[in-house]
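What you see is a predicted model, and the numbers here were worked out from it, not measured in a lab. Any value given below was found using the heavy atoms of this structure, including those in side chains, with hydrogens, waters and symmetry copies removed. A, B, ... follow the sequence lines: proteins, then strands. Residue 1 opens every chain.
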Amino acid sequence: MPYWLMKSEPDEFSIRDLKKMGHGRWDGVRNYQARNFMRQMQEGDQFFFYHSSCAEPGIAGIGRISRSAYPDPTALDPASPYHEAKARDDANPWSAVDVEFVDAFATPLKLALLKNEPALHELALVKKGSRLSVMPVSEDEWQAILAMR
DNA sequence: GCCAACGTTGGC
DNA sequence: GCCAACGTTGGC
């Protein structure tokens, strides 16, 4: 079973929001590499919920994919900040997945800690200059991160 | 708020 | 197809 990591700005959507709601839609991804990873996700896959662009960037919890990729409705919605004029109902290039809450860490694992963990040196998240917002996590990396809690 | 690094756009 | 200019990401 594959593992993933997905970034979100907690001001927009945080692990607390997901905990409160129980489930949600992961949408608004507008990068092809990230989108392609989303299309590989299967129901039941787990992912680390990463908080970016905030006071304490880091992994804040765990979620699970509850519906595999489908056309992202925000691309077609003129009222959405993620609206894309080029997208059409029958030609929507962007994908969303549905997610459900699994766990919120008592203490988020800060990016600085993750960078110091040798087992994570291949993870795109900690590589210099990487801005990828959706990425695969290997079984070993997944276990290494869990062990850091 | 700054700015380095990146991805995308569009003229040529 | 090249590449400069631009807009975005995201840590600090």
Asker: Of all nucleotides in DNA chain B with an atom under 4.0 Å from a non-hydrogen atom of chain A, which is the first and which the last going 5' to 3'?
Answerer: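 With heavy atoms of chain A under 4.0 Å away, the range is dA5(B) to dT9(B).
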Asker: What residue among Phe37(A), Tyr3(A), Trp26(A) forms ring-ring contact (aromatic ring centres under 6.0 Å, His included) with Phe47(A)?
Answerer: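 Testing each of Phe37(A), Tyr3(A), Trp26(A) against Phe47(A), the sole residue satisfying ring-ring contact (aromatic ring centres under 6.0 Å, His included) is Trp26(A).
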Asker: Scan Lys115(A) against the nucleic acid and name what it touches under 4.0 Å (heavy atoms): base, sugar-phosphate only, or nothing.
Answerer: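 Sugar-phosphate only.
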Asker: Looking at Pro10(A) and Ser52(A), what are the two nearest heavy atoms and their distance?
Answerer: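 Closest pair (atom of Pro10(A), atom of Ser52(A), distance): CD-O, 3.2 Å.
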Asker: Step through the shown structure and confirm whether more than 12 heavy atoms of other residues, nucleotides or ligands are within 6.0 Å of CD on Gln143(A).
Answerer: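 Count over threshold, so yes.
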Asker: Hey, is Lys19(A) close enough to Asp103(A) for a salt bridge, meaning N to O under 4.0 Å?
Answerer: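 Looking at Lys19(A) and Asp103(A), the cut-off is not met.
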Asker: So does Asp89(A) get a backbone contact from the side chain of Asn92(A), meaning a donor-acceptor N/O pair under 3.5 Å?
Answerer: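 Answer holds: no.
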